[in-house]
Amino acid sequence: MKLVTRAAWGARAYRTPNGATPYSRARRGVKVHYLGSAYEDRPHTACAAYVRKLQDSHMDGNGWSDIGYSFLVCTHGYVYEGRGLKRRNSANGNTSLNEQDYAVCALLGSSGLTKPTDAQLHGIRDAIDYCRIEGPAGTWIGGHRDGYATACPGDVLYAWVKKGAPRPASAPTPSQPAPTAPASQTTEETHVTTVLDENNANDVDLTGGQWTLLALPDVGGVIVTGPAGYDVGVHLSLTGLAPGTRVQGRFHWYNGRSRVRSDRRPQYAFAADDGTAEFRYTDAGELGTSTDLRFEVNPDSDCTLIHRAITGTHWNA
């Protein structure tokens, strides 16, 4: 999840005591919102300013103690921390509804930009999963209009919500251009191995609660070797998981046999009825010389990995 903290987007201090009101019980789930007014898309560099403007409107116009939402998601897939996981939101309609569910708002309008981007849908899904794991929140997903008289979150976004908020089939659109080499170099962008299709003959039994480094035999266990920049995604298909079971995945950077660093936080996915979990990862940095990018997975219960695929791009660095 591409989380933008309050400090990072320049949030004002919330008013006390109301702004500090905690939730008194676990949340049922997450309600999805939109802005309900005209909105035009903008470069990602302008999104934080818009979130600040929205906070000003909520605090100075509505008289609220803080921005109303738990989290907000821009069209580039970044998740902005509003009231966060612990402080009760004020966006769902009344105190009882605010207490019942988290509020995640897409930066979409009732006019102007009304259709979410794939990157934004991934970001909303990231926020939902984050609320479930860290909240805690249950598995219920709905729109602001569920239980409250409003058109929010608009027909397009609500239709997606009622399908269970599935991740789009396409990869999120990178919010920033890929890094380029200095003018004195020639940069050639090439595809990572598009599909690694390892079915029944290469099934891997995974132990619940244990990290397993994927062997990826078609590429010697390595996704990309530096020096290189990259934008890659991992797709895993698993069986033997109950619907809703959590699967964690994370990327690692290796130099020889030594681990250089890893994701600060694993990415989470939840098994659907067909046992599929998908992970997406975007990185604007670069791998150093002879540094390898690899991936490992950790399901909450025993299962079998029956298919894996690596998609994306890499370029000279």
Would Lys115 and Leu108 count as a side chain to side chain contact (heavy atoms under 4.5 Å, CB included) here? Give the steps. CA-CA 7 Å; Lys115 183 179 179 180; Leu108 289 177; 5.9 Å; no
Donor-acceptor under 3.5 Å ([X] side chain, [Y] main chain):
X: Lys86; Y: Thr21; answer: no
X: Asn89; Y: Phe71; answer: no
X: Trp9; Y: Gly82; answer: no
X: Thr117; Y: Thr75; answer: yes
X: Asp302; Y: Thr207; answer: no
X: His122; Y: His76; answer: no
X: Gln120; Y: Ala106; answer: no
X: Arg145; Y: Ala151; answer: yes
X: His144; Y: Cys152; answer: no
X: Arg52; Y: Ala11; answer: no

Give me the atom names and distance for the closest heavy-atom approach of [X] to [Y].
X: Cys74; Y: His44; result: SG-ND1, 3.8 Å
X: Glu40; Y: Gly112; result: OE2-CA, 3.4 Å
X: His33; Y: Pro153; result: C-CB, 3.7 Å
X: Pro166; Y: Trp160; result: O-NE1, 2.7 Å
X: Ala13; Y: Met59; result: O-CE, 3.6 Å
X: Thr114; Y: Gly109; result: CG2-O, 3.3 Å

Side-chain heavy-atom pair [X], [Y] within 4.5 angstrom cut-off:
X: Tyr50; Y: Leu35; result: yes
X: Arg27; Y: Pro136; result: yes
X: Asn92; Y: Gln100; result: no
X: Leu157; Y: Leu121; result: yes
X: Tyr80; Y: Leu54; result: no
X: Met1; Y: Asp129; result: no
X: Leu72; Y: Ile67; result: yes
X: Asp126; Y: Arg167; result: yes

Can a donor-acceptor pair be found between the side chains of Tyr23 and Asn98 at a distance below 3.5 Å? no
Between Asp205 and Thr304, do the side chains contain a donor N or O and an acceptor N or O under 3.5 Å apart?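 Yes, Asp205 and Thr304 have a side-chain donor paired with an acceptor closer than 3.5 Å.
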Decide yes or no on side chain to side chain contact (heavy atoms under 4.5 Å, CB included) for Asp146 and Trp140, but give the supporting numbers first. CA-CA 11 Å; Asp146 291 317; Trp140 185 87; 4.2 Å; yes
Establish whether [X] and [Y] are linked, either directly or via other cluster members, by ILVMFWY side-chain heavy-atom contacts under 4.5 Å.
X: Leu85; Y: Ile128; value: yes
X: Tyr158; Y: Leu97; value: no
X: Val51; Y: Tyr14; value: no

Qualifying residues under side chain to side chain contact (heavy atoms under 4.5 Å, CB included), relative to Asn62, sequence neighbours excluded: His58, Trp64
Quick one: list whatever passes side chain to side chain contact (heavy atoms under 4.5 Å, CB included) with Asn18, sequence neighbours left out. Ser65
A cation-pi test, strictly: NZ or CZ of Arg250 under 6.0 Å from the centre of the six-membered ring of Trp211 and no more than 45 degrees from its axis. Yes or no?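 Cation-pi check for Arg250 and Trp211: passes.
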Run through Arg83, Gln55, Arg12 and flag the one making a side-chain hydrogen bond (donor to acceptor under 3.5 Å, both in side chains) with Asp66.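 Single side-chain hydrogen bond (donor to acceptor under 3.5 Å, both in side chains) partner of Asp66 among Arg83, Gln55, Arg12: Gln55.
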Ion pair check, Arg15 and Asp60, cut-off under 4.0 Å: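 Salt bridge between Arg15 and Asp60, a charged N being under 4.0 Å from a carboxylate O: yes.
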Is it true that Asp155 and Lys162 make a salt bridge, defined as a side-chain N closer than 4.0 Å to a carboxylate O? no
CD1-CG distance between Ile141 and Asp101, expressed to the nearest 0.5 angstrom: 10.5 Å
What distance separates Arg88 CZ from Ser70 OG, expressed to the nearest 0.5 Å? 11.5 Å
Chi angles and distances behind the ring pair (Phe, Tyr, Trp, His ring centres under 6.0 Å) call for Tyr39, Tyr34: CA-CA 10 Å; Tyr39 182 78; Tyr34 75 163; over 10 Å; no
Among Val79, Val161, Val73, find the residue that satisfies the side-chain contact (heavy atoms from CB on, under 4.5 Å) test when tested with Ile124.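 Going through the options one by one, the only one that passes is Val73.
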